[in-house]
Enquirer: 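Input: one structure, supplied below.
Letters A, B, ... mirror the listed sequences (proteins, then strands); counts begin at 1.
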Number of protein chains: 2
Amino acid sequence: MSRASQVDVAVTLPRNYLRPCLLLLLGEGTAHGYELMDQVAELGLSKVDPAGLYRCLRAMDEEGLVESRWEPSTVGPARRTYGLTDEGRDWLRGVSESLADLNRVLGLFQRRYGVLEGRDPSP
Amino acid sequence: MSRASQVDVAVTLPRNYLRPCLLLLLGEGTAHGYELMDQVAELGLSKVDPAGLYRCLRAMDEEGLVESRWEPSTVGPARRTYGLTDEGRDWLRGVSESLADLNRVLGLFQRRYGVLEGRDPSP
DNA sequence: CCACGCTAGGTGTACTGTGCACCTACGGTG
DNA sequence: CACCGTAGGTGCACAGTACACCTAGCGTGG
């Protein structure tokens, strides 16, 4: 890195985006943490660190959005299997709406930037 | 608030989203901070607090993404007028692409949630 | 037997962005 | 004069995140 003043400020995913992702995956079927780590990658969250994932699951467990039980494994250490609760399903529905809003806002940004760049969005 | 365990974790706008918004507005024309405060509301950022806005402008100024000059005012206190630099324009182009990625990711989430809820996304 | 690697689930901590409260200063108006 | 609106700013505390690190079970190769 030769230029120290290089701008490396990144615009990242929404805050707490991991939560809806996990809830969506758990809505599709129960799973344990280590498994979810791979699956969230398909939802845009490349490289989630395990720390955040497990902490998020724990928090949602305490809040009642998910429920968990230990399942002993014959091929390795025991695992915690998570499932979605009704409350979690409700929360997911709500957050899905606000994500849709965010999607619209970003679309607006794109269109407006397109106008600025001289590209006509509706030919 | 009767229920203390109420889940109030919100999924908000992307981190640093204020930056591209300000750069977009400055791309459309020079402005000063107080003016931008109203304009960002049109881009989905309802209630930005002045603190973050001015700090963001200052940071971008120091990074060379925007340039500023004091302009004395006859009707009130002096104001700092900001304009977009070439570097800022480059950064805006880059960040616009990553926001487009984010938009796609959110679209994917929506479709997948739609499938989960039993709604067919492509009739 | 021991070292190593993979699975699985964590803790501790520092960084960073954001939100809230608060402050200065200028000009106009009652 | 006191007060309001404009304009720009500081200080601080909180929350989410990123990074490093740890424990433990089981299987495999030397």
Enquirer: Report yes or no: does B:Thr85 contribute a side-chain atom to a donor-acceptor pair with the main-chain N or O of B:Gly64 at less than 3.5 Å?
Expert: yes
Enquirer: Grab the CG-C1' distance between A:Asn16 and C:dT18 for me, whole Å please.
Expert: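 About 13 Å, once rounded to whole Å.
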Enquirer: For A:Leu36 and A:Leu53, work out which heavy atoms get closest and say how close.
Expert: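 For A:Leu36 versus A:Leu53, the nearest heavy atoms are C-CD1, 4.3 Å.
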Enquirer: Please tell me which of A:Thr74 and A:Tyr17 maps to the more 5' nucleotide of DNA chain D, matching each residue to the nucleotide holding its nearest heavy atom.
Expert: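 Taking each residue's closest nucleotide, the earlier one in sequence belongs to A:Tyr17.
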Enquirer: Counting only side-chain heavy atoms from C-beta out, which of D:dG16, D:dG8, C:dG9 sits nearest to B:Arg79?
Expert: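 Looking only at heavy atoms from C-beta outward on B:Arg79, the closest nucleotide is D:dG8.
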Enquirer: Take the protein atom CG of A:Asp38 and the nucleotide atom P of C:dG9, then report the distance between them rounded to whole Å.
Expert: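 After rounding, the gap between these two atoms is 12 Å.
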Enquirer: Let me know, please, whether A:Asp49 or B:Lys47 comes out on the 5' side of the other along DNA chain C by nearest nucleotide.
Expert: A:Asp49
Enquirer: Nearest-Å distance, CD (A:Glu35) to P (C:dA8)?
Expert: 8 Å
Enquirer: Of all the choices, D:dT17, C:dG10, D:dG9, which nucleotide is nearest to the side chain of B:Arg58 once you look at every atom?
Expert: D:dG9
Enquirer: Examine distances only and state if a side-chain atom of A:Asn16 and a backbone atom of B:Ala10 form a donor-acceptor pair shorter than 3.5 Å.
Expert: yes
Enquirer: D:dG8 C1' sits how many Å from B:Arg69 CZ, rounded?
Expert: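 The answer, rounded to whole Å, is 17 Å.
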Enquirer: Please work out if A:Arg55 contacts a base, only the sugar-phosphate, or nothing of the nucleic acid, heavy-atom cut-off 4.0 Å.
Expert: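 The answer is base, as A:Arg55 lies within the cut-off (heavy atoms under 4.0 Å) of a base atom.
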Enquirer: If you assign each of B:Ala78 and A:Val75 to its closest nucleotide in DNA chain D, which residue comes earlier from the 5' end?
Expert: B:Ala78
Enquirer: With the side chain of B:Ala51 defined as its heavy atoms from C-beta on, choose the nearest nucleotide among D:dG11, C:dG17, D:dA7.
Expert: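 Taking heavy atoms from C-beta onward, the closest nucleotide is D:dG11.
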Enquirer: Describe the nucleic acid contact of B:Gly33 in one word from base, sugar-phosphate, nothing, applying a heavy-atom distance below 4.0 Å.
Expert: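 The answer is sugar-phosphate, as B:Gly33 gets under 4.0 Å only of primed atoms, P, OP1 or OP2.
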Enquirer: Which one, C:dA8, D:dG16, D:dA18, comes nearest to the side chain of A:His32?
Expert: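 Selected nucleotide: C:dA8.
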Enquirer: Among C:dG9, D:dG8, C:dA25, which nucleotide has an atom closest to any side-chain atom of B:Pro77?
Expert: C:dA25
Enquirer: From OH of B:Tyr54 over to P of D:dT10, roughly how many Å is that when rounded to an integer?
Expert: 12 Å
Enquirer: Which pair of heavy atoms, one from A:Tyr113 and one from B:Leu24, lies closest together, and at what distance?
Expert: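 Answer, listing the atom of A:Tyr113 first, then B:Leu24: CA-CD1, 3.8 Å.
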Enquirer: Spell out, as yes or no, whether a donor-acceptor pair under 3.5 Å connects the side chain of B:Glu28 to the backbone of A:Leu116.
Expert: no
Enquirer: Mind checking if B:Ser73 touches a base, just sugar-phosphate, or nothing, with heavy atoms under 4.0 Å?
Expert: nothing
Enquirer: Within this structure, what is the CG-to-C1' distance between A:Leu13 and D:dT17, rounded to whole angstrom?
Expert: 12 Å
Enquirer: Between C:dG9 atom C1' and A:Leu53 atom CG, what is the distance in whole Å?
Expert: 10 Å
Enquirer: Take atom CD of A:Glu71 and atom C1' of D:dG25, then tell me their distance rounded to the nearest Å.
Expert: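 To the nearest whole Å, that distance equals 16 Å.
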Enquirer: Closest to the B:Tyr34 side chain: D:dT10, D:dA7, C:dG10?
Expert: D:dA7
Enquirer: Between CG of A:Leu23 and CE of A:Met60, what distance do you get to the nearest 0.5 Å?
Expert: 4.5 Å
Enquirer: When we call it a touch if two heavy atoms are under 4.0 Å apart, what does A:Thr12 touch: a base, just sugar-phosphate, or nothing?
Expert: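 A:Thr12: no heavy atom of the nucleic acid under 4.0 Å.
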